[in-house]
Enquirer: 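Structure below; questions to follow.
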Amino acid sequence: MKIYMKQGWQLAVKHFHLIILLFLYQLLWGFFLYRFIDSVVSPLLRRFPADYPSDTAVHLFLTEAQFQLLKTDILMPYVWMLGGLFVIRMLLTPLFNAGLFYSLHHSSTRSGGATGGGGTKFIEGIRKAWKPVMLLYWLEAVLALAPAWWVLPHTLEAYLQGDSTADLLQAVLPGAGLWLLWGSLLHLLFLAMQLGAASNEGILHSLWRALRHIVSYAAISLVMWAIGAGLGLLITSVSLLWAGLFALVLHQGYNLVRTLVRVWTIASQYECLQSQSK
């Protein structure tokens with residue numbers, strides 16, 4: 001497993017300029033999403049009776065908000081805008097993935113790629129592999145969200161009928177755990193298929209290889225996910241201890257580290273799968 005992580009790290013470092021590009025993409029996406037949420041929430045909060053927060057005033061505020069949300073179309077422009085942002089992300093993210101996956105394959109020593117510091121093939125990968133990668137990305141999203149048809153109504157019913165938080169958790173956690181397991185398995189299998197599509201090895205061939213070696217493939221994925229989660233907890237803990245400008249700079253810098261870990265994870269998963277190709 002260590003050899004996959006080492007080779008994945010070497011492969012990720014070759015794509016550091018792409019890591020910067022992905023970091024900027026995530027940064028801009030987060031900025032526009034923040035501005036959108038702020039434009040919706042801030043006008044509502046200004047109407048909250050902060051100067052005289054009596055029970056009557058708060059109840060009147062909630063009643064007015066409920067009336068505007070349910071009886072008027074005030075929410076529709078925001079729903080359409082949020083839907084538009086979601087569609088844009090669903091279009092852009094597979095393009096970045098196609099370029100990254102294609103470049104990882106052609107830069108890997110296992111595929112006979114460059115071993116030095118040569119250039120990557122990000123733009124070429126987008127041009128050649130965007131169609132299958134985008135189709136698989138959309139299919140994964142649909143299948144990952146499918147359990148919500150059963151889980152969310154059950155959660156709402158448990159919330160309305162539950163007498164305590166313990167009862168709610170007891171009713172919700174099994175379904176949420178199975179949903180998380182389903183989403184994780186889908187991600188691993190569809191990632192293998194997208195890597196196969198980008199490398200011209202074949203979608204079904206890559207899927208079968210991932211299934212045959214699912215234990216080692218899942219193990220390296222869990223280790224890399226644990227590293228990312230551990231770094232996130234560390235940064236959060238440090239931010240709580242030293243709040244202020246330092247915490248702000250640390251969080252912004254962590255976004256770059258998180259992007260690096262994501263590319264490292266994908267590269268390690270790719271190296272694990274490629275080692276089982278024979």
Enquirer: Mind checking whether His15 and His17 have parallel, tilted or perpendicular rings, split at 30° and 60°?
Expert: parallel

Enquirer: Do Trp29 and Leu85 have side-chain heavy atoms sitting under 4.5 Å apart?
Expert: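 Trp29 vs Leu85: side chains touch.
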
Enquirer: Which residue pairs pass the side-chain hydrogen bond (donor to acceptor under 3.5 Å, both in side chains) test when at least one of the two sits in residues 143-154, sequence neighbours left out?
Expert: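 Counting only pairs at least two positions apart or across chains, no side-chain hydrogen bond (donor to acceptor under 3.5 Å, both in side chains) contact touches residues 143-154.
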
Enquirer: Could you tell me whether the side chain of Met193 reaches within less than 4.5 Å of the side chain of Phe190, counting heavy atoms only?
Expert: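 SC-SC contact between Phe190 and Met193 confirmed.
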
Enquirer: Indicate yes or no for a side-chain donor-acceptor contact from Ser216 to the backbone of His213 under 3.5 Å, with no hydrogens or angles considered.
Expert: yes

Enquirer: Do Asn97 and Thr93 come close enough that some side-chain heavy atom pair is under 4.5 Å?
Expert: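 Yes, at least one pair of side-chain atoms sits under 4.5 Å.
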
Enquirer: Does the distance from a Lys or Arg side-chain N to an Asp or Glu carboxylate O, for Glu201 and Arg209, drop under 4.0 Å?
Expert: yes

Enquirer: Show me, pair by pair, the donor-acceptor contacts under 3.5 angstrom made by side chains of residues 176-184, not counting sequence neighbours?
Expert:
residue: Trp179; atom: NE1; partner: Ala144; partner atom: O; Å: 2.7
residue: Trp182; atom: NE1; partner: Leu143; partner atom: O; Å: 2.9
residue: Ser184; atom: OG; partner: Leu180; partner atom: O; Å: 2.9

Enquirer: Could you tell me whether a side-chain N or O of Lys14 sits under 3.5 Å from a main-chain N or O of Ser107, the two making a donor and an acceptor?
Expert: yes

Enquirer: Under 4.5 Å between any side-chain heavy atoms of Phe122 and Leu21, yes or no?
Expert: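 In short, these two side chains touch, coming nearer than 4.5 Å.
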
Enquirer: Who are the side chain to side chain contact (heavy atoms under 4.5 Å, CB included) partners of Leu91, not counting sequence neighbours?
Expert: Val87, Met134, Trp138

Enquirer: Are the side chain of Ser103 and the backbone N or O of Leu100 linked by a donor-acceptor pair below 3.5 Å?
Expert: no

Enquirer: For residues Leu22 and Arg262, determine if any side-chain heavy atom of one lies less than 4.5 Å from a side-chain heavy atom of the other.
Expert: yes

Enquirer: Apply side chain to side chain contact (heavy atoms under 4.5 Å, CB included) to Asn200 and list each qualifying residue two or more places apart in sequence or on a separate chain.
Expert: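 Listed in chain order: nothing, the list is empty.
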
Enquirer: Sequence neighbours left out, what passes side chain to side chain contact (heavy atoms under 4.5 Å, CB included) with Gln26? Give chain and number order.
Expert: Arg89

Enquirer: Which atoms form the tightest heavy-atom contact between Trp264 and Gly8, and what is the distance?
Expert: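 So the minimum-distance heavy-atom pair works out to CD1-C, 3.5 Å.
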
Enquirer: Do His105 side-chain atoms and Phe101 backbone N/O form a donor-acceptor pair below 3.5 Å?
Expert: no

Enquirer: Please name all residues satisfying side chain to side chain contact (heavy atoms under 4.5 Å, CB included) with Leu188, sequence neighbours left out, ordered by chain then number.
Expert: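 Partners of Leu188 under the side chain to side chain contact (heavy atoms under 4.5 Å, CB included) test: Tyr217, Ala218, Ser221, Trp225, Gln269.
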
